S.K.: 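Please find one structure pasted underneath; my questions will follow.
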Amino acid sequence: MTRQARVKSSYGYYHVMMRGCGKQYLFEKDYQRRFFLSVAGEACTQYKASLCAWCFMDNHVHMLLSDREDHMWEVVHYIGTLYGQFFNRVTGRYGPVFQDRYKSKPIESNDYFMQAIRYIHDNPIELGCRPEFYRWSSYQAYLGEGGHLDRSILFSLIGGQGNFVSFSKSGARIPMY
């Protein structure tokens with residue numbers, strides 16, 4: 001059976017999700033999360049994409065990608081391949097690291113873009129951790145230095161960095177999927 005083609009976003013943004021195979025952990029140590037972020041930054045640079053938000057949970061990741069040149073599959077393939085090889089090497093495991101094909105949801109409006117960023121940053125609430133205290137999301141990067149993050153779109157929509165905390169708290173926590 002053939003796979004259904006991905007829906008292309010006319011807006012150029014996607015919410016991408018990758019889950020550990022069998023819901024197993026993708027990250028056992030902090031250095032693994034740092035490596036994943038580094039690889040994501042490399043992939044975005046190489047394929048002219050941008051990372052607009054991210055959250056690394058133990059067994060899955062969320063990323064909001066800007067992909068105006070239609071290279072998303074290459075970005076995610078680069079990340080999955082390099083991180084999968086790295087993870088198997090450092091843990092002594094074999095076989096696939098990621099479960100199935102990555103999921104992506106096209107973002108088609110400014111409102112949906114902002115809702116997706118809130119959703120991504122709110123993921124740690126499931127662990128009982130408020131977003132501002134979770135180390136492995138782009139929430140802190142929005143407050144300080146951007147690192148591997150394109151903050152310009154969100155800041156232009158909310159009126160600047162000074163409005164980020166109130167923006168983050170203003171949205172209701174609603175499931176997107």
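Predicted model, so just to flag it, every value in this text is computed and none were measured.
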S.K.: If you group Ile, Leu, Val, Met, Phe, Trp and Tyr by side-chain heavy-atom gaps below 4.5 Å, do Tyr25 and Leu127 land in one group?
M.R.: no

S.K.: Can you check whether Ala49's main-chain N or O pairs, donor with acceptor, with Glu69's side chain at less than 3.5 Å?
M.R.: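 Not confirmed, Glu69 side chain does not pair with Ala49 backbone.
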
S.K.: side-chain contact (heavy atoms from CB on, under 4.5 Å) for Gln115 and Ile107? Distances and angles first, verdict last.
M.R.: CA-CA 10 Å; Gln115 181 182 352; Ile107 293 174; over 6 Å; no

S.K.: Between Met72 and Tyr102, does the side-chain contact (heavy atoms from CB on, under 4.5 Å) criterion hold? Intermediate values first, please.
M.R.: CA-CA 11 Å; Met72 182 180 58; Tyr102 69 94; 3.8 Å; yes

S.K.: Looking only at side-chain N and O atoms, does His71 offer a donor or acceptor that is under 3.5 Å from a partner on Glu74?
M.R.: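 Yes, side-chain donor-acceptor contact under 3.5 Å.
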
S.K.: For Tyr94, look at atom OH and say whether over 12 heavy atoms of other residues, nucleotides or ligands are found less than 6.0 Å away.
M.R.: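 Incorrect, the count does not exceed 12.
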
S.K.: Counting N and O atoms only, with roles assigned by atom type, does the side chain of Ser38 sit under 3.5 Å from a partner on the main chain of Arg34, one being a donor and the other an acceptor?
M.R.: no

S.K.: Indicate yes or no for a side-chain donor-acceptor contact from Thr81 to the backbone of Tyr78 under 3.5 Å, with no hydrogens or angles considered.
M.R.: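 Checked: no pair found.
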
S.K.: Ser170 and Arg118: side chain to side chain donor-acceptor pair (under 3.5 Å), yes or no, with the steps?
M.R.: CA-CA 9 Å; Ser170 67; Arg118 280 192 201 102; 3.2 Å; yes

S.K.: If I take atom CD from residue Gln24 and atom CG from residue Asp58, how far apart are they, to the nearest 0.5 angstrom?
M.R.: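 Atom-to-atom, Gln24:CD and Asp58:CG are 12.5 Å apart.
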
S.K.: Tell me whether Gln99 contacts the main-chain N or O of Arg19 through its side chain, where contact means a donor paired with an acceptor under 3.5 Å.
M.R.: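 Judged by distance alone, no pair lies under 3.5 Å.
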
S.K.: For this output row, return yes or no: ring centroids of Tyr119 and His15 closer than 6.0 angstrom.
M.R.: yes

S.K.: After noting the C-alpha distance and the side-chain angles of Asp70 and Lys8, does the key distance pass the salt bridge (charged side-chain N to carboxylate O under 4.0 Å, His left out) rule?
M.R.: CA-CA 8 Å; Asp70 202 24; Lys8 185 169 167 61; 3.6 Å; yes

S.K.: What's the separation between atom SG in Cys21 and atom CG in Asn59, rounded to the nearest 0.5 Å?
M.R.: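 One finds 11.5 Å between SG of Cys21 and CG of Asn59.
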
S.K.: Quick test of your reading of the model: are Arg135 and Asp30 salt-bridged, counting only N-O distances below 4.0 Å?
M.R.: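 Result for this pair is yes, salt bridge flagged.
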
S.K.: Could you state the interatomic distance from CG (Asp122) to SG (Cys129), rounded to the nearest 0.5 Å?
M.R.: 11.0 Å

S.K.: Yes or no on side-chain contact (heavy atoms from CB on, under 4.5 Å) for Leu65 and Cys44, after CA distance, side-chain angles and deciding distance?
M.R.: CA-CA 9 Å; Leu65 292 174; Cys44 287; 3.9 Å; yes

S.K.: State the CH2-NE2 distance between Trp54 and His121, to the nearest 0.5 angstrom.
M.R.: 8.0 Å

S.K.: If I compare all heavy atoms of Met18 with all of Leu26, which pair ends up nearest, and what's the gap?
M.R.: O-CD1, 4.0 Å

S.K.: Please work out whether the ring planes of Tyr142 and Phe155 are parallel, tilted or perpendicular, with thresholds of 30° and 60°.
M.R.: perpendicular

S.K.: Just verifying a value: how many Å separate Leu51 CG and Arg151 CZ, rounded to the nearest 0.5 Å?
M.R.: 12.5 Å

S.K.: Tell me whether the rings of Phe164 and Phe167 are parallel (<30°), tilted (30 to 60°) or perpendicular (>60°).
M.R.: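 Ring orientation, 0 to 90° scale: tilted.
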
S.K.: Are Ser152 and Asp150 close enough that a side-chain donor and a side-chain acceptor fall under 3.5 Å?
M.R.: yes

S.K.: As a test of understanding, state which of Phe35, Phe87, Tyr83 forms a ring pair (Phe, Tyr, Trp, His ring centres under 6.0 Å) with Phe27.
M.R.: Tyr83

S.K.: If only atom types and distance count, is the side chain of Gln85 paired as donor or acceptor with the main-chain N or O of Leu82 below 3.5 Å?
M.R.: no

S.K.: Tell me whether Met57 shares a hydrophobic cluster with Phe133, the cluster being built from Ile, Leu, Val, Met, Phe, Trp, Tyr side chains joined at under 4.5 Å.
M.R.: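 The answer is no; the residues belong to distinct hydrophobic clusters.
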
S.K.: Looking at Ser109 and Tyr112, would you say the former's side chain and the latter's main chain have a donor-acceptor pair under 3.5 Å?
M.R.: yes

S.K.: With side chain to side chain donor-acceptor pair (under 3.5 Å) as the criterion, how do Tyr13 and Arg68 come out once you've worked through the C-alpha distance, each side chain's angles and the decisive distance to 0.1 Å?
M.R.: CA-CA 7 Å; Tyr13 294 90; Arg68 297 185 185 277; 2.8 Å; yes

S.K.: Test Leu64 against every option in Ile153, Leu149, Ile120 by the side chain to side chain contact (heavy atoms under 4.5 Å, CB included) rule and name the one that passes.
M.R.: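 For Leu64, the side chain to side chain contact (heavy atoms under 4.5 Å, CB included) check succeeds only for Ile120.
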
S.K.: In terms of side-chain geometry, is the basic nitrogen of Arg33 or Glu28 positioned less than 4.0 Å from the acidic oxygen of its partner?
M.R.: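 Judged by the 4.0 Å cut-off on N to carboxylate O distance, Arg33 and Glu28 do not form a salt bridge.
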
S.K.: Take Phe113 and Cys52, measure what side-chain contact (heavy atoms from CB on, under 4.5 Å) needs, and give me the verdict at the end.
M.R.: CA-CA 10 Å; Phe113 178 87; Cys52 299; 4.2 Å; yes

S.K.: Assess the pair Tyr134 and Tyr139: is the distance between their ring centroids shorter than 6.0 Å?
M.R.: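 No; Tyr139 has its ring centre 6.0 Å or more from that of Tyr134.
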
S.K.: Answer whether the closest heavy-atom distance between the side chains of Lys48 and Asp67 falls below 4.5 Å.
M.R.: no

S.K.: Could you grab the distance from atom CD1 of Ile117 to atom CG of Leu154, nearest 0.5 Å is fine?
M.R.: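 Here the interatomic distance stands at 4.5 Å.
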
S.K.: Can you tell me if Asn88 uses its side chain to pair, donor with acceptor, with the backbone of Gly95 under 3.5 Å?
M.R.: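 Yes.
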
S.K.: Look at the side chain of Ser9 and the backbone N and O of Tyr14, then say whether any donor-acceptor pair between them is shorter than 3.5 Å.
M.R.: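 No, the answer is negative, given that no donor and acceptor are paired below the 3.5 Å cut-off.
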
